[in-house]
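Please read the structure below before turning to the comments.
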Amino acid sequence: MKLRILLFVGLLAFTSWEMSYAQGSLDVKALIEQMTLEEKERVVVGSEMEIPWSEGGSTGVGQVGGEVPGAAGKSLTNKRLGLNTVVFADGPAGVRIDPIRPNESNKTFYATAFPVATMLASSFNLELMKEVGTAFGHEAKEYGVDILLAPALNIHRNPLGGRNFEYYSEDPYLSGKMASYFTQGVQEQGVGVSIKHYAANNQETNRARVDAVITERAMREIYLRGFEIAIKESDPWTVMTAYNKVNGAFASESEELLTTILREEWGFDGFVMTDWFAGTDIPGQLKAGNDLLMPGTPGHKGLIVQAVKDGKMSEEDLNKNVEAILNIYKQTLEFKGYESSGSPDLKASQAIAKKAATEGVILLKNEEGALPLASSAKLALFGVASYETIATGTGSGNVNKAYSISIAQGLENSKQAIHSELQEVYTQYIKKTREDMGPKAWSFGPDKILPEKIWTQEEIAAFVAQSEMGIFTLNRTSGEFYDRQQGYDFYLSQEEQDLIKNISAAYRAEGKKFVVILNIGGVIETQSWKEYADAILLMWQAGQEGGDAVADILTGKVSPSGKLPMTFPNYYMDHYSSRNFPGRELVDNPYPSPFDAVESEVIYEEGIYVGYRYFETFDVGVSYPFGYGLSYTQFEFSDLKAAMTDEGELTLKCKVRNTGSKAGKEVAQVYVSSPDGKLEKPAKELRAFAKTQSLKPGKSETLIFELNAKDLASFDSATSTWILEKGIYTISIGGGLHDLQLSDSVVLKSGLEVMKTSKSMAPKREIDVLTKRKD
Ligand code: BGC
């Protein structure tokens, strides 16, 4: 009798927990009171991952639970408390899951490959970013993913950063805005995001051990700023910490980063997870405010229970971690009982992916109207990537897509004539060379780029005679674990240089045009060879719809409107950060390996002078500046009116008019030059931007920008305060740093203390950083 009553009461409790989850009204604190220490441990640890060692992704075999094969991680369940499995999946380029599920052989689960984040940022289009986020959220929702491990918004500190393609920009404002709109789009679908990698994960070399030594000012103005914007404006459910150390402490173990700044100053109220296997001191991570250990390993079992018993961490601290996690879990689709269909509207995503790709293409050069193409022009497509176009990078920034449209296919789809014998030769060459090369060792590794097919002058001459225009596509790839190299990566190989020169000479000799397309994920050298191209199109890694998007630009169906989210320098060493990249190993490392990081440090000696902030301030010439991008039409900026209140609120109004002969969109970029005072300032900083609608010839749009003092402030580390100094603020506006058509100035009569912060994340020792001030 007694037993029966107990069972009945137990059943009642269990059912009511589940019901309150479903209603999203669960009293998490009350639930925690019911939990044993062991149960709490199971909440703060993930349920292990399946590592995709083999080519083509994981198989689902051996998956723990196996709800969404190929997802990067998930939570542990607890039947007694009604805690179901919450699924986490990458990532920034699409929902990274396996396309095949062992028990559902009649169905596939391909996700859309969107353009890489760098390309999304090149669109400078916030509404479009939100649409992309909505499509991601929708696919995640219908494929059973609760939390998306994106967006990634680390700064492009150096051109060789192996994961730069997963990140937006060298500018924190652009990065923060993009991440914020993307997050809004995803979360409106009921799927959470994990903003990553917090913070200063700007290289892959020794990523799990390297200590990034950064001034407090550069931390606040550059490396934390994007996160601050995204967190305050879009309320992400979760944050993922970085692998690296920042100023002596692992990001995942830094109370200053995770509690003082993130929660107390910025008001973040979600939970924080580690990057996969990151950090060394588990109780230290939990105590610092890193609530969830991902992906969870067998070694975690019992460790936290023991740490509490040994007094290494308190149960109250653990309760805080559990509470933060469950407060988010109860909002997930899983806990609300949503039944995913397994059939998202991929057609709708496809259209958004194409739109995003089209808006992210950047026209770097267009001499004498080489582009758009004449509809009758027959094209000879050179370069492996014209046929095997790279859609995305590797590692967790990859996606299992159903297809990817090459440039050749895109042009064929748009009925443009291409040289079919040349196509056939390349197709055979690619097939044979791929067979000889064999598959790559593991699916997370970098893709194998094929060597270019070399042509003799005679062969080229024959193609020139049979076509009206030559196109050469150059490719690059990169991904997790590896930074890029200077030789035959940033710089072109001799073969590539020769091909560009020779094909160009042959076309020009016949009075025909030659175009170069860049199918790359990060910055390459362009100044030594750009003279040989009549037009250069930067298509990035444009996702699965890349070929169709490029065809629309080449044929002039759409005018290009992408702008560079970073600088293309003349030489690699022109980047000030190149003096300190990827840092210095502090121990002997005779067998360097991407998987065994060693103690090392990298001093961010450029301070706040990252990217264009450096080139503009120190007047160093570049190949293409930040914000650069041409169009098939022209735009005129006019009627700039700027006004600033004594409280530092800046209002700007201006008009953008299409003065050319084709329809197109323009990105209005607002740069502010702030007065030097107590603090020195970069020559110019991007403080606002907006993209116009598609304007027909003669049409104009009026844009209004409203900025507050914080948007314009600089960080004074002597007092740990955001300040706005008195003096003249010059506002320049135009289609990029190369095209600042108007400027106006406003005066702030008295300086302002905008926001006091804690003294956090300062380097443990004095470091000398670049300054424009003479002693
Ligand atoms: C990456 C993360 C990713 C995680 C799960 C890690 O190696 O750094 O960005 O989300 O793996 O795939």
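Note: hydrogens, waters and symmetry copies are ignored here, and every other heavy atom, side chains too, is used. Both ligands and their constituent atoms are indexed starting at 1 by order of listing.
Residue K196 has at least one N or O atom closer than 3.5 Å to an N or O atom of ligand 1.
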Point to revise | Step-by-step side-chain contact (heavy atoms from CB on, under 4.5 Å) determination, F227 to N154 | key: CA-CA 9 Å; F227 287 100; N154 294 102; 4.1 Å; yes
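Interface of Y243 with ligand 1, defined as ligand atoms under 4.0 Å from a residue heavy atom, comprises 6 (C), 7 (O), 8 (O). Within ligand 1, the atoms closer than 4.0 Å to a non-hydrogen atom of L149 are 10 (O), numbered from 1 in the order shown. For ligand 1, the atoms closer than 4.0 angstrom to any heavy atom of R96 are 12 (O). Those atoms of ligand 1 with a heavy atom of S396 less than 4.0 angstrom away are 1 (C), 2 (C), 3 (C), 9 (O), 12 (O). Atoms of ligand 1 lying under 4.0 Å from any heavy atom of A72, numbered from 1 in the order shown and given with element: 5 (C), 12 (O). Here is the list of ligand 1 atoms found below 4.0 Å of a heavy atom in H197: 2 (C), 8 (O), 9 (O). When each atom of ligand 1 is checked for a heavy atom of R163 under 4.0 Å away, the hits are 1 (C), 2 (C), 8 (O), 9 (O).
Residues E142 and S340 have side chains that never bring a donor and an acceptor to within less than 3.5 angstrom of each other.
Heavy-atom separations between F88 and ligand 1 are all 4.0 Å or longer. Using a 4.0 angstrom heavy-atom cutoff, M240 counts as in contact with ligand 1.
Considering CG of L120 and CZ of F114, their distance stands at 9.0 Å, rounded to 0.5 Å.
No close placement of the Y243 and F277 rings is indicated, their centers lying 6.0 Å or farther apart. A ring-centre distance under 6.0 Å is found for F271 and Y329.
Salt bridge D269/R263: absent, no basic N to carboxylate O contact under 4.0 Å.
Annotation: K107, atom NZ; neighbour count of heavy atoms from other residues, nucleotides and ligands within 6.0 Å is above 12. Other residues, nucleotides and ligands place no more than 12 heavy atoms under 6.0 Å from the NZ atom of K320.
Counting heavy atoms under 4.0 Å from ligand 1, residue R207 touches it through the side chain alone. Under 4.0 angstrom from ligand 1, there are no non-hydrogen atoms of E166. With a 4.0 Å heavy-atom cut-off, ligand 1 is reached by no atom of M294.
For the pair R157 and V602, the minimum side-chain heavy-atom distance is below 4.5 Å.
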